Amino acid sequence: MRQWMLRITAYAEKLLADLDTIDWSDSLKEMQRNWIGRSEGAEVRFKVARVQGSGTETSNLEPETFITVFTTRPDTLFGATYMVLSPEHKLVDQIVPNQWPEGIPDVWKGKTGSGNSIPASGNSIPASGNSTPASGNSIPVSENAVPVSGNSIPASGNSTPGSGSSIPESGKSFPASGNSIPERRNSFPEPGKSIPKAGTTHFETPKAAVEAYRVFAAGKSDLERTELAKDKSGVFTGAYAINPVNGEKIPIWIADYVLASYGTGAIMAVPAHDERDWEFAKKFSLPIEQVVIPIGLKPLEISPKNFIGGAIGPLEKPFCEEGIAISSPESGWRLKDLSGERCDIKGLPTAEAKAKISAWLEEKGLGKKTINYKLRDWLFSRQRYWGEPFPIIWKKDAAGNLYHEALPESSLPLLPPTLEDYKPTAGGEPPLARAKDWLHEIPGATRETNTMPQWAGSCWYYLRYTDAKNNSAFVGKDAQNYWMGANGCKLKVEGCKLDSSMTQPVTSNLQPATPGVDLYVGGTEHAVLHLLYARFWHKVLFDLGYVSTPEPFYKLVNQGLILGEDGQKMSKSRGNVVNPDDVLVEYGADAFRLYEMFMGPLQDTKPWNTKGVEGVYRFLGRVWRLFVDENSETEFEQAETLTTKAQSHQDLLNLIKLNAAIKDVAATPAQLKTLHACIKKVTEDLDGMRFNTAISAMMVFVNDAITWETKPLAVLREFLILLQPFAPHIAEELWHKLLSAFRFPLSALAYQPWPKFDAALLVESEIEIPVQVNGKFRDTIKVAVDADHATLEAAAKASEKVQTFIAGKTIKKVIIVPKRMVNLIVG
RNA sequence: GCCAGUGUGGCGAAAUGGCAGACGCACAAGACUUAAAAUCUUGGGACCUUAAACAGUCGUGCGGGUUCGAGUCCCGCCACUGGCACCA
């Protein structure tokens, strides 16, 4: 199937680097980093050994064949005791010889059988002498395990790294073909033509083993692959490669723990220093050789004899951390004649060893530094109706070959055709192929029938919103600059006339804008798909000069999930779903909104509690009663029940009178203090998106203000401005009550400037501070705010309660933090 | 397994290294009411003492540490949540 891909991998580096420039949660950034999965390492070219005689030569091996592997630990190259190709690796067919080499263990040959058996599964391993990793003298020195040793084939240094490249075709082509092999799941090894003789337990030839294994691996579903992940499987290909640093001949295996889609689809296996390789080596009795030791061991202690199972102790598990390199040609151990082409990294810490050996490999044309990413290119085609059609047409050239062309800009946007039937065609073509007229609308051309995935639209809707009616471009330059630009000023309030009663002009609210979308609030479910795709898309547009910032969302907050009342995720099957409509009917939009903000920190997951909605609903009730006259409210309620259709709703509402305690008088200092403490807290909490504590500050204000005999108009007015973002409906309603009662010429509440708090009003002359004795809280004392040390100490000692704790003891030390506390240390 | 985050009353939660539990829910008692709802007032971490209160002891997942002082900082565990999962 021909599919469109977007080359997001080309942006991997930028997507990774620019995470440092945006204000997102650490966990979200980490998820993206992991998804991109950058790892630095080296590609190393291993020459495939050509073994003469004894029937092990391969039939179709090119004279100079190299297999390139990717490794993040080139410093462990000396410990590479075998090599693994993914079953789908392109070179497998070329390297497999006609016969098994002599003297190899049976377990290497795979296992024939029937039913669900996994090849060479754990319990069928022939006793290989050393099944316990810990056993002391079980050093699997390779002389025995690797049958054809001693043939030194000098690593050829003269071939250009690019030539004879063995890098398989990009991995993305593989999964598709893998999926298309439906037969024989779990069925390796399948009895059949590949089994030459009934009754054999192992494959007779490498070809048969490889073929059977490939079928086995390809037939595994994703689920099976993960479920069986713990149990390694694989077979020996019968071929060997030459380790370029020591000339060692190492067996080449295929195993599905090596992924075709990552790196080069081939690895050098270093069982002593990699968990997976260790597991695999243990299972198939492959040699394990330690070449890195933990930092702290003396290099002098290192020799072939006390290496594993010697003075240092046996290697009981793979050592995967960084350490000190210990093996090299100079050690004299396992050294083959390399004709002087040596790289000595003995004694070097990992980082240096990596650098040295990488440079050496590069110089010899045996490898190069490489960076790999887990991130795959983005499969961008869908075979559905619902999705944007591609503005692409297909034509044939003179020779009859298909080629594609983009539609000219003048034919954009391309709209999908109207269809009666949205199903794919009988021939398996996407639904758009049903629209024959549309398909062939352009003479001599056929339209592309794939559509774009859902993510396509979510990658740029925020740009379109800024200029939704533009029919000549996806977003106009001015709109883009205004809304998304780094220097644009986004808070522009039109139609708000200033008047003398307002304390500050509206423009004081203008702050330097966050570039891009001001604030993105969304769930973590989009962490690595939508949010990565949108960043990629935006970067492409940025590089093309269509948008002015390299990132779309500089500030992002993940709101926490709201669970059901039982603390479980809401779901229909659990029956714990809260329907917002019901809450809105019962308590109104203000209470609903307010409760969601009051529940707790925005980012936290927390359970819904309908009683909590009642709590904030009661708070709004108190706010209401702070402003209106309760008797008139009763009148309203009675009138409402008797209402006739002739009476307008507005007339009824007008029955509600303002609370008579509200007067246009100067506020007392205490009242001002209450107000300004509230302004301060709400302003700061709003900035930090701590809505829950902002609301509690307003509750504190109302609890106090409701007790005031006289309620100054100016104070209540300011309070409504604070309330407005949280409960806009009730705030606006009360605002208009104030407005009509006092006839102050102000426009809608929403256009009022945000109040500023006056720090001077919050200053206390006297404060209460705690007194501790030996660090334990004992009393509070009331002191002047600017009291000096001596005064504080005296006041503390004068406290009766403190006295009982210091009586008869000597004061050894006095710790005084002005305005905070006094601590008396007695002995 | 790896990465990230979170552990505080009966519950949701507060707390620049300085009085743990603000604010709210649930609960209890009282006021108003024929009654209920609504509203208002008071109480409210545990333990111990007390008629009640005061006072006292303990208390922020567990174990150590730093500090005059730790929910907060450091080290080591445990549990839960989310993400990734043979990525060389």
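The model shown is predicted, which means the values in this text are computed figures rather than measured ones. A note on names: the letters A, B, ... follow the listed sequences, proteins ahead of strands, and every chain is numbered from 1. Side chains included, hydrogens not; waters and symmetry mates left out as well; all remaining heavy atoms used.
Base pairing annotation: B:G82 forms a Watson-Crick or G-U wobble pair with B:C3, both donor-acceptor distances under 3.5 Å. Across all strands shown, B:G59 forms no Watson-Crick or G-U wobble pair with both key distances under 3.5 Å. Across all strands shown, B:G30 pairs with B:C40; the Watson-Crick or G-U wobble distances both stay below 3.5 Å. Across every strand in view, B:C11 sits in a pair with B:G24 that passes the Watson-Crick or G-U test at under 3.5 angstrom. Using N1 to N3 plus N6-O4 or O6-N4 for Watson-Crick, or N1-O2 and O6-N3 for G-U wobble, each under 3.5 Å, B:U72 pairs with nothing.
The nucleotide whose nearest atom lies closest to any side-chain atom of A:Lys611 is, among B:C40, B:C25, B:C68, B:C25. Comparing B:C68, B:G12, B:C40 against the side chain of A:Pro607 picks out B:G12 as the nearest. The side chain of A:Phe777 sits closest to B:A20 out of B:C23, B:C25, B:A20. With distances taken from any side-chain atom of A:Leu259 to the nucleotides B:G18, B:A13, B:A88, the minimum falls on B:A88. Counting only heavy atoms from C-beta on, A:Pro770 has its side chain closest to B:C19 among B:G82, B:C86, B:C19. The nucleotide whose nearest atom lies closest to any side-chain atom of A:Met699 is, among B:C23, B:G82, B:C25, B:C23. Checking B:A88, B:G18, B:G24 against the side-chain heavy atoms of A:Gln772 singles out B:G18 as nearest. The side chain of A:Phe70 lies closest to B:A88, out of B:A88, B:A14, B:A22. Of the candidates B:A88, B:C68, B:U16, B:U16 carries the atom nearest the A:Arg820 side chain, counting heavy atoms from C-beta on. For A:Ile267, whose side chain is taken as the heavy atoms from C-beta onward, the closest listed nucleotide among B:G56, B:A14, B:A88 is B:A88.
We find that A:Lys606 and A:Asp604 are not joined by a salt bridge, their nearest charged nitrogen and carboxylate oxygen being 4.0 Å or further apart. Under a 4.0 Å N-O distance rule, the pair A:Asp685/A:Arg690 qualifies as a salt bridge. Here A:Lys29 does not pair with A:Asp23 in a salt bridge; the nearest charged N to carboxylate O distance is not below 4.0 Å.
Across all strands, A:Asn703 comes closer than 4.0 Å only to sugar-phosphate atoms, never to a base (heavy-atom distances). Heavy atoms of A:Val700 sit under 4.0 angstrom from primed sugar atoms or phosphate atoms, though from no base atom. No contact: A:Tyr595 has no heavy atom under 4.0 Å from any strand. A:Thr804 comes within contact range of no nucleotide atom at all, as no heavy-atom separation falls under 4.0 Å. Among the atoms of the strands shown, only primed sugar atoms or phosphate atoms (P, OP1, OP2) are found under 4.0 Å from some heavy atom of A:Ser27. Heavy atoms of A:Asn609 sit under 4.0 angstrom from primed sugar atoms or phosphate atoms, though from no base atom. Residue A:Gly37 is out of contact with every strand shown, counting any heavy-atom pair closer than 4.0 Å. Using a 4.0 Å heavy-atom criterion, one finds that A:Lys801 contacts the sugar-phosphate atoms exclusively. Heavy atoms of A:Thr780 sit under 4.0 angstrom from at least one base atom. Residue A:Ile825 is in sugar-phosphate contact alone, with no base atom involved, counting any heavy-atom pair closer than 4.0 Å across all strands shown. Backbone-only engagement by A:Asn692 is indicated by non-hydrogen atom pairs under 4.0 Å involving sugar-phosphate atoms exclusively.
Along RNA chain B, the nucleotide nearest A:Thr524 and the nucleotide nearest A:Ile769 are compared for position; the residue whose nucleotide lies closer to the 5' end is A:Ile769. With RNA chain B read from its 5' end, the first of the two nearest nucleotides for A:Arg38 and A:Glu614 is the one closest to A:Glu614.
Using a 4.0 Å cut-off, some side-chain N or O of A:Arg622 falls inside it from OP1 or OP2 of B:G24. Distances shown here put a side-chain N or O of A:Arg778 below 4.0 Å from the OP1 or OP2 atom of B:G56. Close to B:C86, at under 4.0 Å from its OP1 or OP2, lies no side-chain N or O of A:Lys283. Between A:Arg625 and B:C40, a side-chain N or O to OP1/OP2 separation shorter than 4.0 Å is present. Remark: A:Thr693 is not in phosphate contact with B:A13, judged by side-chain N or O atoms under 4.0 Å from OP1 or OP2.
Applying the 90° criterion around 0 to the glycosidic angle, B:G9 comes out syn.
What separates NZ of A:Lys606 from P of B:C11 is a distance of 18 Å, to the nearest Å. Between the CZ atom of A:Phe701 and the P atom of B:A22 there is a distance of 21 Å, rounded to whole Å. The distance from atom NZ of A:Lys812 to atom C1' of B:C68 is 12 Å, rounded to the nearest whole Å. Atom CG in A:Asp704 sits roughly 16 Å away from atom C1' in B:U41 (whole-Å rounding). With rounding to whole Å, A:Leu594 atom CG is found 16 Å from B:C23 atom P. Between A:Leu561 atom CG and B:G12 atom C1' there is a gap of 16 Å when expressed in whole angstrom units. Rounding to whole angstrom units, CG of residue A:Asp274 and C1' of B:C2 are separated by 14 Å. If you measure from atom CD of A:Gln603 to atom C1' of B:A13, you get 14 Å, rounded to the nearest angstrom.
Heavy atoms only, all atoms of each residue included: A:Met268 and A:Asp277 are closest at O-OD2, 4.0 Å. Here the shortest heavy-atom pairing between A:Gln568 and A:Asn576 reads O-ND2, 3.4 Å.
Between A:Phe66 and A:Pro244 there is no side-chain heavy-atom pair separated by less than 4.5 Å. With contacts defined as side-chain heavy-atom distances shorter than 4.5 Å, the pair A:Val583/A:Val613 qualifies.
The structure places CG of A:Leu529 at 9.5 Å from CD of A:Gln32, a figure rounded to the nearest 0.5 Å.
Rounded to whole Å, the separation between the P atoms of B:G7 and B:A55 comes to 31 Å. Look at the C1' atom in both B:A70 and B:G63: the space between them is 15 Å, to the nearest Å. For B:C80 and B:C62, the C1' atoms lie 15 Å apart once the distance is rounded to whole Å.
Evaluation of atom-type donor-acceptor distances gives no pair under 3.5 Å for the side chain of A:Glu30 against the base of B:G83.
A donor-acceptor pair under 3.5 Å is formed between the side chain of A:Gln559 and the backbone N or O of A:Gly523.
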